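Computed from a predicted structure; not experimentally measured.
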Amino acid sequence: MRKNILSGVWRILIIAVPLAVTAAMIYVRASQLQAYGEKGTHLLINEVVADNLSTLKDGNGVYSDWIELYNPTDHAISLKGYYLSDSKNELTKWAFPDVSIDSGGYLIVFCDAGEGLLHANFSINSDKETIYLSDENENVTDSIKLENQQCDISYGRTFGNYDETGFLPYCTPGAANPSYFGSSDPAYADWGEVCFSLDGGLYDESIQVELYCDIEGAAIIYTLDGSEPDIGNAYIYDRPIEITDEGRPNQYTTKKCLVRPSSNADNADTVYGVNEVYKGTVIRARILKDAKLSSSIQTNTYFINSDYSMPVVSLSTDPDGLFDDVEGAYVLGYTYYTMRKYGVNTTRANSGMQKDLAGHIEIYGTDGSVFEDDVTFSIAGGSSVRTNLQKSFNVILENESISGDMFGALAAVEYGRFTLRGPGSGVVQRNKYVYPSAFVSNYISGEDTGGQSSRYCLLFIDGEYWGIYSLMEPKGKEYMSVLTGASKKDITIAAPYDDIYDDEFDALFDGIKNHDFSKAESYEWIKTEIDMDNYMACVLAEAFFGNTDGISNGDHNLYIWKEAGGLWKWQIFDFDATMVDNENYIREMIEFDYLDSEHEEKKSFTSWLFGKLWESEEFREDFTAYVRRQCEGLYSRENVTAAFEEHISQLQPEIQENLLRCEMDYTALKKLSFWIRGIDAEYENYTMEDWEITVSDMRRFLENRTKRVLEFLDELGV
């Protein structure tokens, strides 16, 4: 009898349970759809696969990285004017074509720079990075921060939940995502902050640092290598941390990061970082309780028995992100070594491919001031990236703004980003350690030409001495917006060297081309289009300092810009190829042959414009009067040489240690090969004697420069 009852119950359950489950699923699905309807106000980055081996082929049959967008709104959305990017520094990296997504629809974009309408010009890094979707005004409308990706595992939002992201149990390209995560992110909680018994900074003797927090039963975990403390990589705090100035082996300055280390040696023959460098100690700490990590990390860097005359900047980050031999952003990397292995003489090093990294920055001023914030940063620069041990960085602040007085500018000015600039390009090797770009930028920074103010500092990366840098104002829209008070979306930039123009610039170009500047009315017209004082200041600055990589090189290293309703202006930057020769660049601008090519005229717009303006008698009078006036004031021999001596006096106390940090040598095997062949060779390092000779050469250049510039005018007969 009992068996029959159970059988009857089972028959009922067979029918009832599926109905109940189905009803529950319908209810959940309806609730999720309702949630989507309530929250769907903008496009979403819905699903990302950064290491695609088998999930989805593109139209060419290739498995490429892909990003899926979803439109949860009640109307179709046109993507014209939208952008995708993997860099916060360059939100407009890839522009969408003229396509739309229907309400409730999906769109796949492949990230491989391949052929096809929806193929973005960047690939997705399988390490941590962020994907940005932005509109025509460079406003980020959505973003998704990826964790370390694994093959064929997608990362995204679960169906019905906008706010959380994680690894999904399976990929659903072009369809609704699963309603649950496959493996969730590490659990976080707002446990507050770890307290340090001593602030970071410079100390005269060894210290002990204690860590504590206000959360009962919590543990504190910490790292000493600059990485973010996590359950798998951190120490558990159980006693005061001893910090001394005891030497430790170089970890990072020994990393090979130059494409061309020497004229008679390659990277296989070269030893980097032959001299020990000074080191600080970075402590990064967070709270752990109930298997949840605190969402915030606290960072302090300590320097023992240091005696520096410049502000100290500590940049802390996961060292693998910069220095991993295969994927690190600062090193030569996998592609370089693979191509060299097969005999290809390549310049494709990791450091030349921009990659955003997360970190923390501390700036300790000589006056006791302290600035710190979490940052996103990336390596910056052109040829200097390939030839310079001390690469530059673009830094974006996450929470704070930095005031202008940190750069020697106005204290009232504030920025959300700045540059840590190294000595600059290797184009003029003998000049770079005199930091000519910082000198010229500072000298003209008050002349409305866009030269960024900067202050020398000593950079440490994960506690290791990196050398003399310039803490420099940003360039581009960030600088222009602060300068004018205009919104960045109301600023238009043309960069002729990079073939970047817009309709307004094209209209300016056409207007100039159609005017006869031998007529006075044409000169009057151009003054209603461009800021003539700014233009003349730009031309004179380039000519006075003999910039071989600026106007004379096809408008390299300058922006031409305007705010809405304003006049066109010039922002010039990057003066590491200055104070080299005494060529008359003013005459070159007048005599340059553009071969009747509109493209060449635009690419060299500043000098082409100068040639046009020189046809105007009124302009010639204005310009020559301006030059003579400036040579009695800003560019007088007394003023410019006094500024240079001040510049050198700031470098002098720290330059020896900087040069020692940059020394390299041949490997023992290379030295043996020299000995066998009877070759007496030393590595081509730059010494203090070389530095003093270069300083003397540049001093002589500036002592004679004012007279030489006035001679330029005499040679032109004005």
Side-chain angles (χ1 to χ4, degrees), residues 427-428 431 436-437 439-441 443-444 446-451 496 517-518 523 526-527 530-558 560 570 572-594 601 604-644 697-718:
V427 173
V428 188
N431 278 18
S437 188
F439 168 67
V440 176
S441 288
Y443 194 72
I444 67 171
E447 294 304 302
D448 193 26
T449 55
F517 284 93
S518 65
Y523 183 50
I526 195 67
K527 288 191 288 185
I530 72 172
D531 184 327
M532 191 58 67
D533 289 339
N534 166 270
Y535 176 74
M536 290 191 293
C538 169
V539 170
L540 178 55
E542 295 269 87
F544 186 91
F545 290 106
N547 191 2
T548 63
D549 200 20
I551 291 173
S552 63
N553 188 24
D555 274 10
H556 201 192
N557 295 321
L558 65 81
I560 303 171
W570 275 251
I572 52 179
F573 50 86
D574 197 350
F575 299 93
D576 48 23
T578 53
M579 296 178 278
V580 178
D581 58 46
N582 277 301
E583 295 301 315
N584 187 341
Y585 295 119
I586 298 175
R587 182 173 59 196
E588 284 189 9
M589 286 191 289
I590 298 169
E591 297 176 352
F592 195 84
D593 183 3
Y594 302 95
E601 291 170 347
S604 299
F605 178 78
T606 306
S607 56
W608 173 79
L609 172 60
F610 191 87
K612 291 285 187 181
L613 290 171
W614 199 252
E615 298 171 8
S616 166
E617 180 180 352
E618 291 81 6
F619 173 77
R620 292 197 299 270
E621 291 176 355
D622 285 352
F623 181 73
T624 53
Y626 175 81
V627 172
R628 295 185 190 282
R629 186 168 62 251
Q630 290 292 76
C631 284
E632 292 176 355
L634 178 69
Y635 292 117
S636 70
R637 181 179 183 273
E638 294 75 18
N639 286 338
V640 75
T641 55
F644 184 71
D697 289 343
M698 295 174 78
R699 184 179 284 129
R700 281 192 294 272
F701 177 95
L702 293 173
E703 286 174 347
N704 296 304
R705 192 60 178 173
T706 305
K707 178 183 176 182
R708 182 71 184 105
V709 168
L710 291 172
E711 289 173 353
F712 290 169
L713 300 180
D714 294 337
E715 292 171 9
L716 297 172
V718 291

Polar side-chain atom of N431 near backbone of T578 as donor-acceptor pair, under 3.5 Å:
yes
Quick check: does any side chain N or O of N534 sit under 3.5 Å from a backbone N or O of W570, one acting as donor and the other as acceptor?
yes
Mind checking salt bridge (Lys or Arg N to Asp or Glu O under 4.0 Å) for D574 and listing every partner two or more places apart, or none if nothing turns up?
R421
Qualifying salt bridge (charged side-chain N to carboxylate O under 4.0 Å, His left out) pairs with a residue from residues 698-707, counting only residues at least two apart or across chains:
E645-R699, D697-R700
Residues passing the side chain to side chain donor-acceptor pair (under 3.5 Å) test with R587, sequence neighbours excluded, are E715
Main chain of M536, side chain of Y626: is a donor-acceptor contact present, judged purely on distance under 3.5 Å?
no
Note: M579 and M698 closest approach over all heavy atoms is CE-CE, 3.4 Å
Counterpart residues, ring-ring contact (aromatic ring centres under 6.0 Å, His included), relative to F712 (two or more places apart):
none
Going by the rule ring-ring contact (aromatic ring centres under 6.0 Å, His included), which residues pair with F623 if we only count those two or more places apart in sequence or in a different chain?
F610, F619
Please check this pair: side chain of N547 against backbone of F575, looking for a donor-acceptor N/O pair closer than 3.5 Å.
no
Residues at least two apart in sequence or cross-chain that pass ring-ring contact (aromatic ring centres under 6.0 Å, His included) with F544, listed by chain then number, are Y635
Full working for side-chain contact (heavy atoms from CB on, under 4.5 Å) between V709 and L540
CA-CA 9 Å; V709 168; L540 178 55; 4.2 Å; yes
G633 backbone acceptor or donor facing S636 side chain under 3.5 Å
yes
Minimum heavy-atom separation for L613 to Y535, with atom names?
CD1-CE2, 3.6 Å
Counting distance only, does the side-chain N/O of Y443 pair as donor-acceptor with the main-chain N or O of L634 below 3.5 Å?
yes
